Amino acid sequence: MPPPPPARVVTLVVNGRQREFLTPPCGSLLTALREKLGLTSAKRGCGQGSCGSCTVLVDGKAVLSCLLAVETIDASTVETLEGVAKGNDLDEIQQAFLDGFATQCGFCTPGMIMAAEALLSAEPEPGRADVMEAMCGNVCRCTGYQPIVEAIMTAARLRAAGGTP
């Protein structure tokens with residue numbers, strides 16, 4: 001039996017900061033974020049890409065970090081929920097989720113917010129159908145989806161108006 005491939009050094013820009021770490025072959029981005037970098041907002045839900053709780057942005061696109069081999073995105077930019085807030089202030093999506101009671105236990109919320117961040121970056125004025133399509137890969141077992149859709153629509157209006165009131 002041949003020896004396993006060696007660990008590899010991966011360099012990423014995570015939440016605006018360059019990070020370098022060793023990863024085993026096929027180690028997931030989710031594991032790297034949580035265990036190597038201490039960023040725990042992305043959650044390990046199903047571990048099979050079905051729930052969306054591990055959603056982060058890689059080069060501006062929403063991805064399921066549990067399914068992504070971190071070695072395949074060397075030199076990429078990654079954004080997690082920890083990088084979304086503006087200092088001590090929540091961004092428009094975070095604030096709209098909070099104000100609109102779009103969270104219950106909060107386990108799925110980071111993935112929902114990151115999917116919403118990707119949507120509003122690509123489509124600043126989405127319709128309800130756009131929001132529902134963007135969120136279809138994110139599962140919430142605590143609440144209905146209506147408050148989540150409303151929060152994202154509110155955040156889009158806030159951003160269009162220039163930011164938080």
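By convention here, the first residue in the shown sequence is residue 1. The structure displayed is predicted, hence computed values, not measured ones.
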- From OG1 (Thr109) to NZ (Lys43), nearest 0.5 Å: 9.5 Å
- Take Val131 and Met153 through the side-chain contact (heavy atoms from CB on, under 4.5 Å) test and state the conclusion after the steps. CA-CA 8 Å; Val131 172; Met153 297 297 290; 3.5 Å; yes
- State whether the side chain of Ser28 and the backbone N or O of Thr31 hold a donor-acceptor pair below 3.5 Å, judged by distance alone. yes
- Message: Under the criterion side-chain contact (heavy atoms from CB on, under 4.5 Å), I'd like the reasoning laid out for Leu98 against Leu90: C-alpha separation, chi angles, the key distance, then a yes or no.
- Response: CA-CA 9 Å; Leu98 182 64; Leu90 299 177; 3.9 Å; yes
- Query: How about Leu29 and Leu12: do any of their side-chain heavy atoms sit closer than 4.5 Å?
  - Reply: yes
- Task: Indicate yes or no for a side-chain donor-acceptor contact from Arg159 to the backbone of Leu120 under 3.5 Å, with no hydrogens or angles considered.
- Result: no
- Query: Does Ile152 reach the side chain of Met135, with side-chain heavy atoms less than 4.5 Å apart?
  - Reply: yes
Got a list of side-chain donor-acceptor pairs under 3.5 Å for residues 58-68, not counting sequence neighbours?
| from | atom 1 | to | atom 2 | distance (Å) |
| --- | --- | --- | --- | --- |
| Asp59 | OD1 | Thr77 | N | 2.8 |
| Asp59 | OD2 | Ser76 | OG | 3.3 |
| Ser65 | OG | Cys54 | O | 2.6 |

- At their closest point, which heavy atom of Ala96 faces which heavy atom of Ala151, and how far apart are they? CB-O, 3.2 Å
- For Pro126 against Ala156, the heavy-atom pair lying closest together: CD-CB, 3.7 Å
- Side-chain hydrophobic cluster, 4.5 Å single linkage: members besides Val9: Leu22
- Mind checking whether Thr11 and Gln18 have side chains closer than 4.5 Å, heavy atoms only? yes
- dist Glu117:CD -> Asp91:CG (nearest 0.5 Å) comes out at 4.5 Å
- Message: With a 4.5 Å cut-off on side-chain heavy-atom distances among I, L, V, M, F, W and Y, is there a chain of contacts connecting Leu39 to Ile113?
- Response: no
- Flag the pair Arg17 and Glu82 as a salt bridge only when some basic side-chain nitrogen lies within less than 4.0 angstrom of an acidic carboxylate oxygen. no
- Task: Taking the side chain as every heavy atom from C-beta outward, state whether Ser50 and Val139 have any pair of such atoms under 4.5 Å apart.
- Result: no
- More than 12 foreign heavy atoms under 6.0 Å from CD of Glu125: is that the case here? no
- Rounded to the nearest 0.5 Å, how far apart are CG of Asn138 and CE of Met112? 5.0 Å
- Task: Return the minimal non-hydrogen interatomic distance between Gly100 and Pro147, and the atom names on each side.
- Result: O-CB, 3.8 Å
- Message: Is the shortest side-chain heavy-atom distance between Glu92 and Thr154 below 4.5 Å?
- Response: no
- Query: Within a strict 4.5 Å, meaning less than it, do heavy atoms of the Glu150 and Phe101 side chains meet?
  - Reply: no
- Looking only at side chains, do Asn15 and Thr80 share a donor and an acceptor under 3.5 Å apart? yes
- Message: Could you report the tightest heavy-atom contact between Pro6 and Pro25, atom names first, then the distance?
- Response: O-CG, 3.8 Å
- Under 3.5 Å donor-acceptor, Thr55 side chain and Gly52 backbone: yes
- Query: Same cluster or not: are Leu119 and Tyr145 linked, directly or through other Ile, Leu, Val, Met, Phe, Trp or Tyr residues, by side-chain heavy atoms under 4.5 angstrom apart?
  - Reply: yes
- Message: Any non-hydrogen side-chain atom of Leu81 less than 4.5 Å from a side-chain atom of Gln94?
- Response: yes
- Quick one: does Val84's side chain get under 4.5 Å of Met114's, heavy atoms only? yes
- Given the rule that I, L, V, M, F, W and Y join up when any side-chain heavy atoms are under 4.5 Å apart, are Leu57 and Ile93 in one cluster? yes
- Message: Could you check whether Glu71 and Thr23, counting side-chain N and O atoms only, form a donor-acceptor pair closer than 3.5 Å?
- Response: no
- Query: Which pair of heavy atoms, one from Gly45 and one from Cys51, lies closest together, and at what distance?
  - Reply: CA-SG, 3.7 Å
- Are Ile73 and Leu33 joined in one hydrophobic group, where the rule is that I, L, V, M, F, W and Y side chains link up if heavy atoms are under 4.5 Å apart? yes
- How many angstroms lie between CZ in Phe107 and SG in Cys140, if you round to the nearest 0.5 Å? 11.5 Å
- Decide yes or no on side-chain contact (heavy atoms from CB on, under 4.5 Å) for Arg8 and Val70, but give the supporting numbers first. CA-CA 10 Å; Arg8 180 175 169 191; Val70 70; over 6 Å; no
